[in-house]
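Worksheet for the structure shown next.
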Amino acid sequence: MKLYSTNNKTYEVSFQEAVFNSLPQDKGLYMPVEIPRLPDDFIENLHQFSLPEIAFRVADNLLQGIIPSGDLKAIIDDAINFPAPVVKLTEDQYVLELFHGPSLAFKDFGARFMSRVMAYFLREGEKELNVLVATSGDTGGAVALGFLGVPNTLVTILYPKGKVSPIQELQLTTNGQNIRAIEIDGTFDDCQALVKQAFVDAELNEKFRLTSANSINISRLIPQTFYYFNAVAQLQREGKKDVVFSVPSGNFGNIGAGLLARKMGLPVKQFIAATNANDTVPTFLNGGIYQPKPSVATISNAMDVGNPSNWARIMDLFQEDQSAITKLVSGYSFNDEQTKDAIAEVYHLYDYVVCPHTAIAYLALNAWQKQHPQQENTGVFLATAHPCKFPDVFSDEIAADIEIPEQVLELEEKPKQADALGTDYASFKAYLLAEEGTSV
Ligand SMILES: *Cc1c(COP(=O)(O)O)cnc(C)c1O
């Protein structure tokens, strides 16, 4: 498997290089040179396979032997060790639950696979890998729990003090081992600025092998294709076809993976890009121009992105053909009021609690199905996080009905371990240098 930069297709790198560097120097995004189609008989018989079996076939098809079968199987069995069930709400509406991993969000698929692939490529005796991440909540938890206990890696996570939810903070700060959390007395942007500066610091790069666990890393995108195949597998068992996926979107990695899955041969009738008030992409899909904007804060805050970093990848997948994109991908955006109403509606109709991100995907699916009443379809909206991660948005009645998963209850027993720093770069750098070699 070779990859090119979306900004320069003649610049090709190995999978390994794309995994460790995340981004090409030219600020494009890495894309596979070849995206082979899976055999028809595999696609038609998805229903015969389990999630790890599907994951292996799909990954092997893309990686083309870069990681030998036995090793790839072991990575997948270790990374994808939780289910992704499709739950039926009505004859034509299903919810794909992606929140059964350790951080209770779909980002576990990407983070767990990426961490294991990185560890695999680190040869015996090589310099420890230093992962630096700034998080506003969800990414950090997935990365921390994804790398926890992975040999030869040390993860440093920066999060804004008082600005992540209690469960997110538990996931960031109770790990120990090779994970350390720094509570920054500032905003998410401050955290991000510190990390960015560290990545271009010559002295730090000399001393450490730094990497970002960035959401645009190709090794996070690949495992996100697995659950689209596995969802179709489950629907095949129910005799359902003409699948329409509604994806709550922020940086557009998740829906990008769905489009990649389709490119590999997965039959999908339509994709729906569902956003909150950060509607850069729906505006474009509905005939407007593509105009990135500063993000605005909403209650579905993991999707507060005004300039989606994976969009260039999606354009590239469609060879920049705008009419092809707008045919296959429909866009809708909803405000906080509508999101709260949708949470209440799903609760009262189906006795089911959705997180605010998931509620937006539900709204978008309804809107699309209403606009296409003649079309036979099986609608699936993606549930990207467990509702317990966002306790503030629910009415007391609904909040009382949210079951706290086992993973969280276990964390509550553990002490918080976080170092505290301000927003100045000099102290952050001194911290990194002083703490050198303290990992297990
Ligand atoms: C990250 C995230 C999203 C957005 O996913 P993208 O791949 O960035 O589009 C949606 N919902 C939740 C809960 C998330 O954590």
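Since we're looking at a predicted model, the values are computed, not measured. In each ligand, atom 1 is the first atom listed, and ligand 1 is the first ligand listed.
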[atom]: the protein heavy-atom neighbour that sits closest, reported with distance to 0.1 Å:
{"atom": "atom 4 (C) of ligand 1", "value": "G250 N, 3.6 Å"}
{"atom": "atom 12 (C) of ligand 1", "value": "T384 OG1, 3.4 Å"}
{"atom": "atom 5 (O) of ligand 1", "value": "F106 CZ, 3.4 Å"}

Under-4.0 Å salt bridge between K163 and E169
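Result for this pair is no, no salt bridge flagged.
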(message) Check D78 with R116, please: is the shortest side-chain N to carboxylate O separation under 4.0 Å?
(response)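 Here R116 pairs with D78 in a salt bridge, since their nearest N and O are under 4.0 Å apart.
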When you compare ligand 1 with M303, is there at least one nitrogen or oxygen pair between them that comes in under 3.5 angstrom?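 In fact, backbone or side chain, M303 has no N or O that close.
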- Validate the cation-pi geometry between R209 and F20: distance from NZ or CZ to the six-membered ring centre under 6.0 Å, angle to the ring axis within 45°.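 Pair R209/F20 counts as cation-pi.
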Taking the cut-offs as 6.0 angstrom to the six-membered ring centre and 45 degrees off its axis, would you call R313 and F252 a cation-pi pair?
no
In terms of atom number and element, which parts of ligand 1 are under 4.0 angstrom from non-hydrogen atoms of [X]?
{"X": "N254", "result": "7 (O)"}
{"X": "A385", "result": "13 (C)"}
{"X": "N251", "result": "6 (P), 8 (O), 9 (O)"}
{"X": "G253", "result": "6 (P), 7 (O), 9 (O)"}
{"X": "K107", "result": "1 (C), 2 (C), 3 (C), 14 (C), 15 (O)"}

Logged contact type for P248 with ligand 1, heavy-atom cut-off 4.0 Å, is backbone
Requested in this report: State yes or no: are the ring centers of Y94 and F381 separated by less than 6.0 Å?
Outcome: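 No - the distance between ring centres of Y94 and F381 does not fall below the 6.0 Å cut-off.
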Note to self: Are F245 and Y228, when compared by the centres of their aromatic rings, separated by less than 6.0 Å?
What the structure shows: yes
* Passing candidate, side-chain contact (heavy atoms from CB on, under 4.5 Å) with V380, options V87, V95, L235, V244 ->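 Of V87, V95, L235, V244, side-chain contact (heavy atoms from CB on, under 4.5 Å) with V380 is met by L235 alone.
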